[in-house]
Amino acid sequence: MKGKLLVIGFGPGSFEHITKRAREAIQESDVIIGYNTYVDLIRDLLTNQEIVRTGMTEEVSRAQEAVKQAETGKKVAVISSGDAGVYGMAGLIYEVLIEKGWNETEGVEVEIIPGISAINSCASLLGAPIMHDACTISLSDHLTPWELIEKRIDAAGSSDFVIALYNPRSGRRTRQIIEAQNILLKYRSPDTPVGLVKSAYREREFVQITTLEKMLEFDIGMLTTVIIGNSTTFLYDGKIITPRGYQRKYTLDRDEQQLKLHERLKKENEPWSLTEKENESSLIQSSLENHRTTPLTIATEALRTLQQKQGIETTPIKNKEDAIVENAVFKQESILELAVSPGIANKKMTAQQMKLIADIAGDKGDIEYTPHHQLILRVPTSNPNEVTQQLQNEGLLLAPIGDVAQVKACDFCDEEKDESIPYVKEIHKRIDGIKTPKELKIGFNGCAMTCYGAVKEDIGIVFRKGKFDLFLGAKTVGRTAHAAQPVAEGIEKEKIVDLVERIVKGYANDGFPNERFHKYFKRVKEIEGFTYRDVPVLVTEQVICGD
Ligand code: SAH
């Protein structure tokens, strides 16, 4: 009878994490060959199999013994922890067989049974540190020259892979992990999250979350796997999380723009995401975007809390971007997105300004002409400050876009009717760019003509006979669009700025996420003493003849 080699990965070590096929294979075998500790780990599954125990360093002789026994017609189980194909016995078995001129049709049967490798089992105990492109690197120079291992660490570091280090340290090999840390610090911030998992799913399981800078302060041994995050990995509630993709757009008020719940997982915002339809149900799962903080602040905060809890002195954490830019190797390029206009009242761009905008946009950026008296400029850059500085030096007014308050003034008849301009400038100074539940436009017109349509904005302010009229709650879009309600006439000049500021800040604080200003007005019924009135219901005309 033809013998069989069953090359089995039994997973991290716990019974529940051994696959069904692996259990069956162990039970159907006549002989078990494996390292002592591994045989002990699967002891409960054994019936009357013959056991060939070997020490750790005798892998080749173990493989030879297994092949020899199979050739006598036995079913031989060769066991590896994790997956047998990951620094396990699978490759060695094939090498020994090939040496003997084995082939599949004539030789002994071979079945490789997959198992959960340490990169997966350890990651599961840390949160979701892998998520994106990752690699495994064994620090054991027992079978691989150290120069090659160094090269691989360097390559993985520079190309921003999440890294799982196997065999990180033994009693004899202690330098490698120090060298690895040094190499990675060339490319990654010292506060990059790192997870140390010892004996995952085994009796002496130990999980430690730390940073690239501090990882050597903890116990790392032969049973540890070290998982090192990439440049986007962050800590949240004691878990290491690597986002599914790289950071998306950012605008002026934030370094990295956190997308809102409804914006997540849409192709235009997160090009790496699945199709929109598939994601509708999974939107609920993404709870992170309820927080208005960036991954970096979450990570920094979590780390500090953790360090404080552990009584470790908190060091000032170096800015992630700085660390990266300094080394000039891995520069994370995001899309800077901002609104550009010649000024609040000034509506004329100079040729020089147009030229600068065009130069900055170049081939890769884009310039969008919008209905809001501004151009939107989107440009990929790893140095947003330089871009904004250039634009400002040319006299352009910059503003964040998205869910922020924005002032839309008229041109004050070429700035000739300039009496109310100081007021709009003051309003702009106080509230422009404030984060709001939904985009908020404040129209400001310098005379009763309102040719720039202030009354069609969320908040409309019209200067008339030395005083201000106020309009609230236009529905600016959709089939049921309507103008704002006139709520007050003749507001004194000294009062208008404070009043508008209170209205905007009230909405910013009390509006529900994504609630437009007119809906907020309807819900709260009264804003600063102005009462909401229902918009008259439309009468639908009967169409007599077909259209
Ligand atoms: N074939 C195994 C790897 C064997 S190399 C697998 O696929 O997981 C041995 C290394 O694997 C160890 O030094 C450690 O880094 C890692 N490892 C294996 N089992 C582990 C466990 N239960 N917990 C943590 N690390 C483990």
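By convention here, the first residue in the shown sequence is residue 1. Atoms within each ligand, like the ligands themselves, are counted from 1 in listed order. No hydrogens, no waters, no symmetry mates; every other heavy atom, side chains included, goes into these values.
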**Student:** May I ask you to list the atoms of ligand 1 that are less than 4.0 angstrom from any heavy atom of R202?
**Tutor:**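 What qualifies from ligand 1 is 19 (N), 22 (N).
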**Student:** I want to know if ligand 1 touches A84 in the polar sense, i.e. an N/O pair below 3.5 angstrom.
**Tutor:**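 Such a contact does not occur with ligand 1.
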**Student:** Is NZ or CZ of R23 both nearer than 6.0 Å to the six-membered ring centre of F10 and within 45° of the ring axis?
**Tutor:**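 Output no; distance or angle outside limits.
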**Student:** Just one of I119, I240, I209 clears the side-chain contact (heavy atoms from CB on, under 4.5 Å) bar with P129, so which one?
**Tutor:**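 With P129 as partner, side-chain contact (heavy atoms from CB on, under 4.5 Å) holds for just one option, I240.
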**Student:** Is there a donor-acceptor contact under 3.5 Å linking the side chains of S138 and N167?
**Tutor:**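 Their side chains do contain a donor-acceptor pair, which is all the 3.5 Å distance test asks for.
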**Student:** For ligand 1, which part of V197 has a heavy atom less than 4.0 Å away: the side chain, the backbone, both, or neither?
**Tutor:**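 Backbone only.
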**Student:** Check whether any N or O atom of D83, backbone or side chain, sits under 3.5 Å from an N or O atom of ligand 1, and answer yes or no.
**Tutor:**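 Yes; at least one N/O pair falls below 3.5 Å.
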**Student:** Would you check the N or O atoms of M222, main chain and side chain alike, for any that come under 3.5 Å of an N or O of ligand 1?
**Tutor:**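 The answer is yes, given that M222 and ligand 1 share an N or O pair closer than 3.5 Å.
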**Student:** Could you tell me whether S199 approaches ligand 1 through its side chain, its backbone, both or neither, with non-hydrogen atoms closer than 4.0 Å?
**Tutor:**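 It is the backbone that gets close, since no side chain atom is under 4.0 Å.
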**Student:** Is NZ or CZ of R523 both nearer than 6.0 Å to the six-membered ring centre of F512 and within 45° of the ring axis?
**Tutor:**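 Yes, a cation-pi geometry.
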**Student:** Between G13, P12, S117, which one has a non-hydrogen atom sitting closest to atom 6 (C) of ligand 1?
**Tutor:**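 That would be S117.
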**Student:** Determine the minimum heavy-atom distance between V78 and A66, stating which atoms define it.
**Tutor:**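 Minimum heavy-atom contact is CG2-CB, 3.6 Å.
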**Student:** Could you go through T232 and N230, starting from their C-alpha distance and side-chain angles, then the distance that decides it, and tell me whether this counts as side-chain hydrogen bond (donor to acceptor under 3.5 Å, both in side chains)?
**Tutor:** CA-CA 6 Å; T232 68; N230 70 17; 2.8 Å; yes
**Student:** N/O of Y166 under 3.5 Å from N/O of ligand 1, yes or no?
**Tutor:**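 No; every N/O pair is 3.5 Å or more apart.
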**Student:** With a cut-off of 4.0 Å, which atoms of ligand 1 are near a heavy atom of N167?
**Tutor:**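 In order of numbering, the contacting atoms are 5 (S), 9 (C), 10 (C), 12 (C), 13 (O), 15 (O).
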**Student:** Given L6, which partner from the list E24, E28, E109 fulfils the side-chain contact (heavy atoms from CB on, under 4.5 Å) test?
**Tutor:**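 Checked E24, E28, E109 against L6; only one passes side-chain contact (heavy atoms from CB on, under 4.5 Å): E28.
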**Student:** Using only heavy-atom distances, determine whether the side chains of S117 and N120 contain a donor-acceptor pair under 3.5 Å.
**Tutor:**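 Checked: S117/N120 side chains show no N/O donor-acceptor pair below 3.5 Å.
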**Student:** Verify whether one side chain among E65 and Q69 offers a donor that lies under 3.5 Å from an acceptor in the other.
**Tutor:**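 The answer is yes; a qualifying pair exists.
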**Student:** Given Y38, Y87, Y35, which one has a non-hydrogen atom that is nearest to atom 4 (C) of ligand 1?
**Tutor:**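 Selected option, by shortest heavy-atom distance: Y87.
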**Student:** Short list, please: which atoms of ligand 1 are under 4.0 Å from a heavy atom of C122?
**Tutor:**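 Counting from 1, the qualifying ligand atoms are 23 (N), 24 (C), 25 (N).
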**Student:** Mind checking whether S80 has a heavy atom under 4.0 Å from ligand 1?
**Tutor:**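 Contact check S80 vs ligand 1: negative.
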**Student:** Quick one: do K186 and D154 make a salt bridge, cutoff under 4.0 Å?
**Tutor:**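 Between D154 and K186 there is a salt bridge, with a charged N closer than 4.0 Å to a carboxylate O.
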**Student:** If you measure every N/O of V86 against every N/O of ligand 1, is any gap under 3.5 Å?
**Tutor:**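 Min N/O separation from ligand 1 is below 3.5 Å for V86.
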**Student:** Considering distance alone, does some N or O of A118 sit under 3.5 Å from an N or O of ligand 1?
**Tutor:**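 In this structure, A118 places an N or O atom under 3.5 Å from an N or O of ligand 1.
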**Student:** Could a heavy atom of S121 be found less than 4.0 Å from some atom of ligand 1?
**Tutor:**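 For ligand 1, residue contact (heavy atoms, under 4.0 Å) with S121 is absent.
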